[in-house]
Structures are given as structure tokens and as C-alpha cells.
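This report concerns only the one structure given below.
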Amino acid sequence: YALEADRIPSMPPFPKVKSYNLRGPDFSWLQEADQMKVIEAIETKHRPIFLFLKYHYRRPSEACALFKTDYNMINNEFVIRRSFSARTLVDSTKTKAIHHVPCDDEFTAIARRLVGENLNSKFLFINPRARSSGKHYTNESLNIIWDHACEKVGIDPIGLYEGTKHSSCTQFIIKPA
């Protein structure tokens, strides 16, 4: 744009990555046994949302935004269509796509139970300590719960996103046949 607008006389050379000794970011993840240790250290009332994240490879903000109506019992699937962004519920995901995610067999009974609970809230996952209307979880509350559970079981600190989505995806890829 600067060249087209005659703000610079010529296009400067594009920098070469190797000139800067850049490294990719470290990739942190947990083995399934360690991941389950952390999840099992979470209070029972908070555990379902973390199990959802483990089994369905979704972003925490998408799990926080799931409504009971987003679980289709007939097809046993979740429709991921909204998210939280800057603490505001938005009617789209980060990628703007709607995703139909099959419910994992390990989670089906939990999903069916949650749909029938807390009927005064549209959210599937209810945080009993929440002050927000609808009592939904926030990214901040999930991170606090996750960090506390990691500390409780002696797992080196790992972020919620890495400990759930990254870890589950990596476990899926390296799982022996």
C-alpha cells in the first residue's frame, strides 16, 4: 500500500527468517494418564465441561457458549455455532463456521443428564459460582479451576487449551493402532 500510495520510492527487500534465528513456539501437551489425573482432581460439579473439552477437541470459549438446544439427542451430536469473545456471547465461532460434532460415547450419559438439569438456564454447562446471568462458565473461571487441579496433582503448569484440546489432539494422532 505504501508503494502504491507513493509513500516509499521502492519496495524494500523481504526479510529472511533464517537471518533472525527464529524458533517455532514450544508445543506443550499431556499424556492421557496425566490429563485424566488433572480432570479427576477437579471438583465433580465442574468436571463435565473439562470432559467435554477433552473428548470433543473444542475451544474453551465454545464450550462456555453451548446451549442445551445445541445438543441434538436424536443424532447424539453437538452443534457448535457460538462462542464468547471478550466476555461477550457472539453468534459465531472463531472461524465463523458451524460445526456438527458427534458426541463421544464416553460423554453421552453426561450430556443427556445436563440437558435436564438447571432448567432456568439455557447454557449446557452451569458454573454454580458464576455471577453472570445464565450462570455460564468463563474462560477465566475455567483457567483458574484447571490451574488449581494441575497444582493439586503436581503436574507442571500447562494452559487449559494445551491441556485439553492440544493434548487430546496429540493423543489421537499418536495413539497406537
Side-chain angles (χ1 to χ4, degrees), residues 29-30 32 34-153 155 157-172:
W29 66 284
L30 295 172
E32 188 169 25
D34 288 338
Q35 184 188 39
M36 287 308 298
K37 274 185 204 173
V38 175
I39 292 172
E40 288 166 1
I42 293 169
E43 289 180 79
T44 307
K45 64 185 172 189
H46 297 299
R47 202 173 295 155
I49 193 167
F50 294 94
L51 289 169
F52 173 83
L53 293 169
K54 177 204 177 2
Y55 290 126
H56 299 97
Y57 313 102
R58 304 310 308 172
R59 293 179 176 89
S61 59
E62 294 169 348
C64 293
L66 266 179
F67 290 177
K68 290 178 173 125
T69 56
D70 295 328
Y71 175 61
N72 180 329
M73 282 195 207
I74 295 169
N75 296 327
N76 197 30
E77 71 175 7
F78 295 96
V79 181
I80 311 295
R81 66 179 94 221
R82 69 185 69 76
S83 182
F84 276 96
S85 178
R87 295 184 177 203
T88 302
L89 185 65
V90 293
D91 286 326
S92 65
T93 61
K94 180 179 179 182
T95 60
K96 308 291 186 230
I98 294 175
H99 304 274
H100 293 263
V101 179
C103 184
D104 189 277
D105 292 341
E106 298 286 330
F107 196 78
T108 299
I110 297 168
R112 291 177 187 265
R113 177 179 54 82
L114 291 174
V115 167
E117 292 179 352
N118 301 302
L119 299 177
N120 57 345
S121 177
K122 61 186 172 186
F123 292 97
L124 183 65
F125 300 108
I126 303 300
N127 182 353
R129 295 183 186 155
R131 295 182 303 248
S132 60
S133 65
K135 308 282 264 177
H136 62 81
Y137 283 91
T138 63
N139 282 333
E140 293 83 7
S141 63
L142 291 178
N143 278 292
I144 289 167
I145 294 166
W146 179 263
D147 292 346
H148 179 69
C150 286
E151 185 180 319
K152 189 174 178 181
V153 295
I155 299 286
I158 183 171
L160 170 64
Y161 194 86
E162 292 80 10
T164 55
K165 186 175 181 181
H166 281 184
S167 294
S168 293
C169 289
T170 305
Q171 294 160 14
F172 179 78

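Counting begins at 1 with the first residue of the sequence.
To the nearest 0.5 Å, the span separating CG on Asp147 from CD1 on Ile144 amounts to 8.0 Å. Rounded to the nearest 0.5 angstrom, Glu140 CD and Arg87 CZ are separated by 4.0 Å. The NZ atom of Lys135 lies 11.0 Å from the CZ atom of Arg129; values are rounded to the nearest 0.5 Å. To the nearest 0.5 Å, atoms CD1 (Ile126) and CG (Asn120) are separated by 7.5 Å. A distance of 9.5 Å separates CD of Gln171 from CG of Asp34, quoted to the nearest 0.5 Å.
Counting only distance, with no hydrogens or angles, the side chain of Arg47 and the backbone of Ile42 share a donor-acceptor pair below 3.5 Å. Distance alone, capped at 3.5 Å, is enough to place a donor-acceptor pair between the His56 side chain and the Asp104 backbone. Looking only at distances, no side-chain donor or acceptor of Gln35 sits under 3.5 Å from a matching main-chain atom of Trp29. A distance-only check finds no donor-acceptor pair linking the side chain of Lys68 to the backbone of Val115 [under 3.5 Å]. Without hydrogens or angle criteria, Ser167 side chain to Glu162 main chain gives a donor-acceptor distance under 3.5 Å. Formation of a donor-acceptor pair under 3.5 Å by the Asn118 side chain with backbone atoms of Ser121 is not found in this model. Between the side chain of Ser168 and the backbone N or O of Tyr57, no donor-acceptor pair lies under 3.5 Å. Put simply, the side chain of Trp146 gets close to the backbone of Ile158: a donor and an acceptor are under 3.5 Å apart.
Using the six-membered ring where Trp is involved, His166 and Tyr161 have ring planes that are perpendicular, over 60° apart on the 30 and 60° scheme. Note on ring orientation: taking the six-membered ring where Trp is involved, the planes of Phe123 and His136 are tilted (angle from 30° to 60°).
Residue-environment remark: CZ (Arg113) exceeds the threshold of 12 foreign heavy atoms within 6.0 Å. When the shell of 6.0 Å around CD of Glu117 is examined, it contains more than 12 heavy atoms from other residues, nucleotides or ligands. Within 6.0 Å of the CZ atom in Arg112, the count of heavy atoms belonging to other residues, nucleotides or ligands exceeds 12.
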**Request:** Verify side chain to side chain contact (heavy atoms under 4.5 Å, CB included) between Phe125 and Cys64, making sure each step is shown before the conclusion.
**Result:** CA-CA 7 Å; Phe125 300 108; Cys64 293; over 6 Å; no
**Chi angles and distances behind the side chain to side chain contact (heavy atoms under 4.5 Å, CB included) call for Thr93, Ile80** = CA-CA 7 Å; Thr93 61; Ile80 311 295; 3.9 Å; yes
**Request:** Apply side chain to side chain contact (heavy atoms under 4.5 Å, CB included) to Ile39 and His46, showing your working.
**Result:** CA-CA 9 Å; Ile39 292 172; His46 297 299; over 6 Å; no
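Looking at every heavy atom in both residues, Pro48 comes nearest to Phe107 through O-CE1, 3.3 Å. Closest heavy-atom contact between Met73 and Tyr71: CG-CE2, 3.3 Å. Taking both residues in full, the closest heavy atoms of Ala65 and Asp70 are given as O-OD2, 4.1 Å, listed atom of the first, atom of the second, then distance. The heavy-atom pair separating Val38 from Ala149 by the smallest distance is O-CB, 3.5 Å.
Here the side chains of Val79 and His100 are in contact, with some heavy-atom distance below 4.5 Å. Side-chain atoms of Met36 and Leu51, non-hydrogen and from C-beta on, do get closer than 4.5 Å to each other. Inter-residue side-chain proximity for Ser83 and Ser61 is flagged as met; some heavy-atom pair is nearer than 4.5 Å. Counting heavy atoms from C-beta outward, Ile145 and Phe50 have side chains that approach closer than 4.5 Å.
When Asn143, Leu142, Ile49, Thr138 are each tested for a side-chain contact (heavy atoms from CB on, under 4.5 Å) with Pro60, only one passes: Leu142.
For the pair Glu62 and Lys165, the salt-bridge criterion is not met [side-chain N within less than 4.0 Å of a carboxylate O].
For Arg82 and Phe67, the positive end sits near the middle of the six-membered ring, less than 6.0 Å away and at most 45° from its axis.
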